[in-house]
Amino acid sequence: MEKNVSLDDIVNIAKRRGLIFPSSEIYGGLAGFYDYGPIGFEIKRRIIDDWWWNFVISRDDVYGISPAIILSPAVWKASGHVDEFIDILVECTKCKSRFKAETLLEDLGIKISDFSMESIKNSLRDNNARCPKCGGELSEPRRFNLMVEAHVGAVKDESSVIYLRPEIAQGMFINFKLISAITGAKLPFGIASYGKVFRNEIAPRGFIFRLREFEIAEIEYFIDPDEQNSCEDFHEVDNIEIKIWTKEEQKRNLKPKERKLGDAYNEGVFSSMWHAYWVGESVKWLESIGLSPENLRLREHLETELAHYAKQTFDIEYYFPYFGWKEIVGIANRTDYDLRRHSKTSGEKLYLVKDGKQFFPYCIEPSFGIDRIFLAVITEAYTVREDGKVILRLHPKVAPYDAVIVPLLKRPEFIAKAEEINRMLKRERLATYVDVSGRVGKAYVKADEFGVPYAITIDHETFENDTVTIRFRDTREQIRVPITELPIRIRELSKTTV
RNA sequence: GCGCCGGUAGUCUAGUGGAAGGAUGCCAGCCUUCCAAGCUGGUGACGCGGGUUCGAAUCCCGCCCGGCGCACCA
């Protein structure tokens, strides 16, 4: 088996097998937007389903919600997002016209070697640049908002501007008080959600790695600031071993060090025990959907990288053979930043009371980039067999189908039997389909590329004793089982094999 | 957003000024076979728009999309 997969290989299978492809393609495409096809969407949906099961349903302390994509612009002003900029803009202090720094410098005939904030600032000052419209004084260069703007209502002016959310978190913070009142949840507890978010990236890049519309799954987990280091379930993660790259190690050019989370916590690597716990839970889940531990590492954000709301953030990075180490999950300690800001701005009492004292809970935020995780899962699963055939060795729980049903011959009785078994398995809530290519080899190869873990074949013996064979995707071995046992056998196999 | 390179069927690819070809996939049929390999037929492409030319997939310009580098990255 070979494993040196390139991005071209992934793009190719994605297109050829209906996983994912450029959006609006018949009109030339639109940078930063991709459509998931039948197979890709099933895989993605199952990743999300498993995430939801693992982080919401299987726990008693996390409540799932689905807040609106569009929130009041006041939310984004309070959260600090409106004041966070990325493209470099300068504004005239007199007439309020806005100019892109690059264009402005060009128009003024100022040559510049690089467009960093620093050199733009310097050259504007050194050349004593003034507003080209009114000659007024220019503001310091600032970075332009990466939120996607739209308008609601009949009038399209400043007052009708709204933003498409760049993160889901705010929809959870603004509902914090309501959720805690409705559920009666006591600290510590979390709110979770997943869905589309939008960011006006300057340069979408790397297939589906940097998108303008993408899916994230987030948990905002609230803890008592006095209890940050008492996490009863920490023993469930303290033995997890992972490469950790602290900010000090990065600054000193040291390599990441393999550590147990418990040891790292004791060394003081994490901002709190709860922070370490959520790192552990996140790593556990990523491994459970098929990402190898050796391809995962933890990298602490340097001070300069920290978001405006974060005290400490760890990225879980995945080693993509064609990109190197890249972030797929971020786990931030947002402290009480958001609840405090919303409380102050809205006037609502988003604090809790303990022993007669008001306080704002601290928040740990694991944030999963679903499209990046999808790409990692596909990349990890992509395998070329000795005979040159491609298989996606997906974990059964994230495979697009549970099984394919293949009639050995393209005869009416074989096809009828296949359809009968298909209906039976669907009644058992298994995701199956019939492949009537008429050549089993073809059906197997196609299913292997889809990542379908099992192929059920109807052969001559089926008509003699009501048995079929189950073929394993990864080994091509077959076992024979009675038709009546299929649902239970497929379920059992999905739990115990990969 | 800047710079460099690129864009021919679903996929891979030939064609560099003079009839767009192949492989594979896909569809229909034959064959009735346990890992894409037999036979017959069929569908299917020059990213978009302008220009040069008798004639453009080919040369020029603009745009779109992609890769890489820079920048940026909540």
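Computed from a predicted structure; not experimentally measured. In what follows, every heavy atom counts, from backbone to side chain, and hydrogens, waters and symmetry copies are set aside. Throughout, protein chains are lettered first and strands after them, A, B, ... in sequence-line order, and every chain is numbered starting at 1.
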note = Stems in RNA chain B, runs of 3 or more consecutive Watson-Crick or G-U wobble pairs with both distances under 3.5 Å, sorted by first number, are B:1-7 with B:64-70, B:10-13 with B:21-24, B:26-30 with B:38-42, B:47-51 with B:59-63
note = Exactly one candidate in A:R471, A:R17, A:R393 meets salt bridge (Lys or Arg N to Asp or Glu O under 4.0 Å) with A:D448; the answer is A:R471
request  = Considering only NZ, NE, NH1 and NH2 on the basic side and carboxylate oxygens on the acidic side, decide whether A:R45 and A:E42 come within less than 4.0 Å.
outcome  = yes
task = Confirm from the modelled atom types if A:Y27 and B:rC64 form a donor-acceptor pair under 3.5 Å, side chain to base only.
result = no
Pull out every protein N or O sitting under 3.5 Å from an N or O of nucleotides 3-6 of chain B, one pair per line with the distance.
none

ask   = Salt bridge between A:D315 and A:K326, side-chain N to carboxylate O under 4.0 Å?
value = no
ask   = Hey, does the side-chain of A:R471 have a donor or acceptor N/O within less than 3.5 Å of a partner on the base of B:rC35?
value = yes
query = Choosing from B:rA36, B:rC34, B:rG1, which nucleotide comes nearest the side chain of A:I202?
reply = B:rG1
message = So, OP1 or OP2 of B:rA37: does either fall under 4.0 Å of a side-chain N or O from A:K442?
response = no
query = Between A:E449 and A:K446, is the closest basic N to carboxylate O distance under 4.0 Å?
reply = no
Test log, rule salt bridge (Lys or Arg N to Asp or Glu O under 4.0 Å), inputs A:D474 and A:R385 = CA-CA 9 Å; A:D474 300 345; A:R385 231 164 24 203; over 6 Å; no
key: Side-chain donor/acceptor contact of A:Q478 with base of B:rC34 under 3.5 Å   = yes
query = Can a salt bridge be assigned to the pair A:E317 and A:R297 using a cut-off of 4.0 Å between side-chain N and carboxylate O?
reply = yes
query = When the aromatic ring centroids of A:Y34 and A:F207 are compared, is their separation below 6.0 Å?
reply = yes
Spacing of the C1' atoms in B:rC46 and B:rG7 (rounded, Å) = 10 Å
ask   = In whole Å, what is the span from the NZ atom of A:K15 to the C1' atom of B:rA45?
value = 12 Å
key: Stretch residues 64-75 of chain A: residues that reach within less than 4.0 Å of RNA chain B through a heavy atom   = none
key: Residue pair A:Q228 / A:N333, side-chain heavy-atom distance below 4.5 Å   = yes
